[in-house]
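The structure appears below as structure tokens.
Below, read A as the first sequence line, B as the second, and so on, with proteins coming before strands; counting in each chain starts at 1.
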Amino acid sequence: MKPSPSNPVVLYWHRTDLRLHDSPALHAALALKPAVFIPVWTWDPHYVYRARVGPNRWKFLLECQSDLSQSYSKLNPKQKLWLVREAPQTVLPKLWKQWQVTHLVFENDTDAYARDRDNEVARLAEDAGVEVIVRMGRNLFDPDHLVRKNGGKPTMSMTQVQKAAEKINNGQPEKPLESPTSIPDPWDEGKMDLSNLQQDMADANLDLNAVHRTTSDKQYSHIMGPQKNFSVPTMEEIGIDPSQAESPHRGGETAALNLLGSHIQNEEYVGTFEKPNTSPAAFEPQSTTLLSPHLHFGSLSVRKFWWDVQSVLEKRKKQKKNNSSIPTNIPGQLLFRDMYFAAQAAIGHRFARTYGNPVIRFIDWHLQSSDPQGNDSENENYHKDSDEAEIWFQRWKEGRTGFPWIDALMRQLRREGWIHHLGRHSVACFLTRGGCYVSWERGAEVFEELLLDREFSFALTVGIHNLTEKPDETACNVGNWMWLSCTAFFSQFYRCYSPVAFGKKWDPEGLFIRHHCPELSQFDKKYIYEPWKAPIADQKKWGCRVTGDGTDSVQHGKVYPKPMFDFDKRRQICLDSMKNAYDVGLHGDDEEVKSGAWKERFGWLDNSENQGKKPSKRQKTD
DNA sequence: ACATGTGTTGCATAC
DNA sequence: GGTATGCAACACATG
């Protein structure tokens, strides 16, 4: 067979679409009636080394890849997902040549990094005479389209999203497409072999994920993988001990569709779902759908989710049953996802950081990210302006703040890769405006590493040699952090979550705390949210002393740390500081922020640690 | 221009 | 135990 317009050789590039159902790009690829069809995944070493990815996230991704590969094999025993170990910018041109590719097809990705990457790939394809076909498939509505219908501006409120969506198709997303029932062959085995190719690699010394590896990363030993068969890597091959990935949440399209199906059967749940009325303390079973990781990895189509839910809502409507409504119902949750995507699509790289970000309020946080222009010391990605705040941040990250509600949530995050939305509110508020006064960027990085469902991001800007750029953290994760820290999207900073009262409202017995902080399991419910108040005699009786900062190894029996600060005092300091920062009224793209002159406006002296402590009254400037 | 109502999800207190 | 309020008060949408 000779490749030609009538015999197309189609390379399908899977990225954020690890599924066969409802993929407009895959549909377009198969509509070409390929003589040869090769679905690939490019394991970009720059991403592997530079994106923060914890063990649970790796495992979930591998499960998605395995499931997709098996689905291809079921439709055509000669087929699978062909995994290539190299950056797309270098390996795709080699593949086009080797496999005589006529068409490259992929799903559109409006993330800032992805845009740069895809523009570069499209340029290379044009040079090579390969036709590129791109389709929107990741969102309810094309984020760029939403932005255009929002007057070219980032979508900063739900009202704006709804109005823009109304102008696209009366607010109706496209209906989902069926999975293909047959898949064409790849080349025969000999032609698929890439043994003659040189592998371009990244510098493994820049591996941010080395901390998670127990052995060396072996998956890059060959461009076709360690087995030289394009296989999905094992956890062992990427150097991570599988016992470190304890999450009960399973990846893959099959798992996603099963989970969606089981929720859809529960019509009462789907019809009456109201996010603020779902418990952040519920476990076994959890109170929300757990489908967000599948949206994140593309193992579930958001339009399939939307329309399956709509069918339930319509049925209930006919039965004269009450449904909950936007924004608290399930479709509302999906629209928030599109809101963050479209906001990022309008703003680009600046959306994921403070410096230069036009939509973000500037707050004088502790531990702010270093200026990307390099005004700070070069080896730190954030400014350690306060030893105290750095300690608070580490204790928060490791789940040893001494506030059981916060610690239980942070331990759940690390262990399971997922916490309930309101739990995320609690820990995010606590780290930023309602406790530590630490920059939201620090929290977003921790979530990026540990959450299964923060939206996909890649490590570098265009040009695979530029490894100094801060990784993008992308839309939903950074958007929610801005929301909770009251720097964008939301501003009512006087609504402050208590690490004691909020959890108690949902779980007065403290079952959630007992589950994730087992050293406290015997405490009476009177003290479970405030164990430092329990009398010493009771602490002894219940087998756990409240002492130290959580770093002490086992003393005499079990210990739980003392609270790292007086919350009520910190709350007042944070409120005053937020008020002051709002009065100063700077935004991320103001010249004073970029130049560092903001320090003067906030009354900072060199080397002072007074922010978040003694706010000075400032006059409004405009 | 300006006032008014609303905004995915606060807390403590009072009845 | 639900519901209203003060807290000290922002940003957006709409008339």
Side-chain angles (χ1 to χ4, degrees), chain A residues 150-151 153-167 272-282 286-289 292 309 323-340 343 358-363 403 405-406 409 419-435 476 479-508 529-530 567-587 615 617-618 620-622:
Chain A
N150 192 44
K153 294 195 291 282
T155 46
M156 299 307 291
S157 73
M158 197 57 166
T159 323
Q160 290 172 358
V161 173
Q162 284 178 280
K163 282 185 179 167
E166 208 60 43
K167 289 183 216 163
T272 60
F273 184 98
E274 288 185 297
K275 186 59 143 299
N277 293 336
T278 57
S279 169
Q286 320 253 21
S287 63
T288 50
T289 65
S292 53
V309 167
N323 290 326
S324 50
S325 51
I326 290 171
T328 53
N329 64 2
I330 293 175
Q333 307 310 302
L334 302 181
L335 281 169
F336 275 112
R337 180 171 176 269
D338 267 33
M339 178 181 81
Y340 292 126
V359 299
I360 196 170
R361 227 168 232 294
F362 183 80
I363 312 281
F403 295 94
W405 172 245
I406 300 297
L409 288 162
I419 43 183
H420 184 277
H421 193 68
L422 294 178
R424 300 180 197 195
H425 279 215
S426 291
V427 299
C429 180
F430 185 85
L431 181 69
T432 59
R433 67 182 167 85
C476 293
N480 275 306
W481 273 95
M482 290 177 199
W483 184 299
L484 261 301
S485 61
C486 290
T487 48
F489 299 103
F490 184 72
S491 54
Q492 286 160 285
F493 52 78
Y494 43 88
R495 291 191 185 167
C496 179
Y497 289 83
S498 158
V500 174
F502 187 73
K504 214 181 255 181
K505 191 168 68 185
W506 294 100
D507 179 15
Y529 285 86
E530 301 167 284
F567 176 75
D568 288 336
K569 281 188 188 146
R570 284 301 308 169
R571 178 182 175 278
Q572 197 53 53
I573 288 165
C574 287
L575 276 172
D576 292 346
S577 302
M578 290 298 288
K579 167 126 178 55
N580 182 55
Y582 268 63
D583 285 348
V584 170
L586 289 174
H587 288 78
K617 278 279 171 200
R618 296 276 146 184
K620 277 200 174 166
T621 47
D622 52 348

Ignoring hydrogens and geometry beyond distance, is a side-chain donor-acceptor pair present between A:D576 and A:Q572 at under 3.5 Å? yes
Between B:dT6 and C:dA4, how far is it from one P atom to the other, in whole Å? 14 Å
Just the dot-bracket of DNA chain C, please: which string comes out with Watson-Crick or G-U pairs under 3.5 Å, [ ] for crossing, | for another strand? .||||||..||||||
Ignoring hydrogens and angles, state whether a donor on the side chain of A:H420 or A:T288 is under 3.5 Å from an acceptor on the partner side chain. no
Name the nucleic acid region contacted by A:K504, choosing base, sugar-phosphate or nothing; use a 4.0 angstrom heavy-atom cut-off, strictly under. nothing
With a 4.5 Å heavy-atom cut-off, do A:C486 and A:Y582 have their side chains touching? yes
For nucleotides C:dT5 and B:dT8, find the distance between their C1' atoms and express it as a whole number of Å. 23 Å
Could you check how far CZ of A:F493 sits from C1' of C:dC7, rounded to whole Å? 12 Å
Within this structure, what is the OH-to-C1' distance between A:Y494 and C:dC7, rounded to whole angstrom? 9 Å
Could you measure between the two P atoms, the one in C:dC10 and the one in B:dA12, and give it in whole Å? 22 Å
Distance, rounded to the nearest Å, where A:Q160 contributes CD and C:dC12 contributes P: 8 Å
Distance check, C1' atoms only: B:dG7 and C:dA9, in whole angstrom units. 14 Å
Outermost DNA chain B nucleotides near chain A [under 4.0 Å, heavy atoms]: B:dG7 to B:dA12
Side-chain heavy-atom pair A:Y529, A:D507 within 4.5 angstrom cut-off: yes
Under 4.0 Å between any heavy atoms, over every strand shown, what does A:W506 touch: base, sugar-phosphate, or nothing? Just pick one. nothing
Rounded distance in Å - CG (A:D583) to P (C:dA8): 15 Å
Is there side-chain contact between A:L409 and A:S426, with at least one heavy-atom pair below 4.5 Å? yes
For A:F489 and C:dC10, give me the distance from atom CZ to atom C1', rounded to whole Å. 16 Å
Would you call the rings of A:W483 and A:F489 parallel, tilted or perpendicular, taking 30° and 60° as the class edges? parallel
Set of side chain to side chain contact (heavy atoms under 4.5 Å, CB included) partners for A:H425, sequence neighbours left out: A:H421, A:L422, A:L484, A:Y497
Where do A:T432 and A:W481 come nearest, in terms of heavy atoms and distance? CG2-CZ3, 4.0 Å
Without decimals, in angstroms, what is the distance between A:R495 CZ and C:dG6 C1'? 13 Å
